[in-house]
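Data block below; observations after.
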Amino acid sequence: MTTTSRETDTAYVGASEEDAALNALYSDFNAANLIPLWTQIGDLMPMSPAPQAIPYVWRWAELLPLAEQAGKLVPVGRGGERRAIALANPGLGGRPYVSPTLWAAIQYLGPRETAPEHRHSQNAFRFVVEGEGVWTVVNGDPVAMRRGDFLLTPGWNFHGHHNETDQPMAWIDGLDIPFSYYADTGFFEFGSDGVTDESMPKVSRSERLWCNPGLRPLVGLDARASSPIACYRWEYTDAALRQQLELEAEGYASTTEPGHAAVRYTNPTTAGDVMPTIRAEFHRLRAGAQTANRRDVGSTVFQVFDGEGEVTIGDDRRELSTGDLVVIPSWVPWSLATDAGIDLFTFSDAPIMERLHFDRTQIQK
Ligand code: GTQ
Ligand code: FE2
């Protein structure tokens, strides 16, 4: 009887009267700051991720001259804090985000310039595609920045940068700023207006304590949320990749797919990712190699460190050369191919996805 009574009600109310009542209901919803699910569900709960961020390529040849120009026109100092220029994904409504979770920027420091010390809850790293001469001082420990190095500034560590040469230097920064912004987790404190230690050691105290292969100092046996290694030096990354490819050529299982060497930067106190929100890896494809087409939940950014190649993102194919930066939004399929060989630095929000059990991957063999 209940089904017939509903039909009867509809017939009784009448079509135009019902429209008017429905319009009134929607305007009452609106006035009461309520939104019904049924008008939003396709957007809110897609059958699979439908990112607003789009796949995009930034050319180093375009970024670097603009950063140089900013170096001429815009001072660096307290207030603005950093001469960092964010890669703004065109799908994200003008926000300075490369993806919904990640910030990527080119940072530029002119000769003898200093970016003052500060600390924030956001986790940060730097990757150096070219140049040297800047020391980043992390909690009073001066860390030299050189080509191919991957440097960490985990959340709430004081850090400032100073260029001790007569040459400018540019590098890329990666942070979890957008994730922190959406989740309202941000805290910030100013530190010294300069840097607290102006010495210029080749090797940081952090590396002297933590960077002896396979050896863990007994003063550091507790698990830490972020890696205590301030800098992962290029010579080790390069040697690891070179040896994977040599071992592959000798017939040993050392690569995940033919001609594709890869390493993940890890936290030696957990063997997990370097920071709670950011995964970082380095990949090398030998000449003629290509990767499987894959897609992952979460966003990935990479920078070409050396060589040349071709990235296929969805149906789009782009030539890449040294310094170019690419963002792959969630669940967009992509692959890489190279004739000459290519080296890539990559980072992603995979630790967030895995920790929250949102991670999913599809690999097309
Ligand atoms: O170098 O401390 O690109 O705090 C964004 C925020 C760099 C930094 C960025 C930062 C920094
Ligand atoms: Fe910072």
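For clarity, every value in this text was computed on a predicted model and none was experimentally measured. Order of appearance sets the numbers: ligands from 1, and atoms from 1 within every ligand.
- Within ligand 1, counting atoms from 1 as listed, the ones closer than 4.0 Å to a heavy atom of Ala105 are 3 (O).
- Across Asn212, Asp141, Val143, a single residue satisfies side-chain contact (heavy atoms from CB on, under 4.5 Å) together with Glu207, and that is Val143.
- Every atom of ligand 1 is numbered from 1 in the order shown, and the set under 4.0 Å from a heavy atom of His118 is 2 (O), 4 (O).
- For Tyr26 and Thr39, the side-chain atoms include no donor-acceptor pair closer than 3.5 Å.
- Atoms of ligand 1 found under 4.0 Å from any heavy atom of His161 (numbered from 1 in listed order, with element): 1 (O), 2 (O), 8 (C).
- Using a 3.5 Å distance cut-off with no hydrogens or angles, the side chains of Thr101 and Ser299 do pair a donor with an acceptor.
- Within the 4.0 Å heavy-atom cutoff, Gln107 counts among the residues contacting ligand 1.
- Here the protein heavy atom with the shortest distance to atom 11 (C) of ligand 1 is Arg82 CG, 3.6 Å.
- For the pair Gln122 and ligand 1, no heavy-atom separation below 4.0 Å is found.
- For the side-chain contact (heavy atoms from CB on, under 4.5 Å) criterion with Thr312, the lone passing option out of Arg318, Arg317, Gln290 is Arg317.
- At the top of the distance list for atom 7 (C) of ligand 1, counting protein heavy atoms only, stands Asp173 OD2, 3.3 Å.
- Checking Ser335 against Thr291 by side-chain atom types alone, no donor-acceptor pair falls below 3.5 Å.
- The backbone N or O of Trp60 sits less than 3.5 Å from a side-chain atom of Asp324, completing a donor-acceptor pair.
- Summary of contacts: the protein heavy atom closest to atom 6 (C) of ligand 1 is Leu175 CD2, 3.9 Å.
- Heavy-atom contacts of His159 reach the following atoms of ligand 1: 2 (O), 8 (C) (cutoff under 4.0 Å).
- Within His159, NE2 is the N, O or S atom that lies nearest to the Fe ion (ligand 2).
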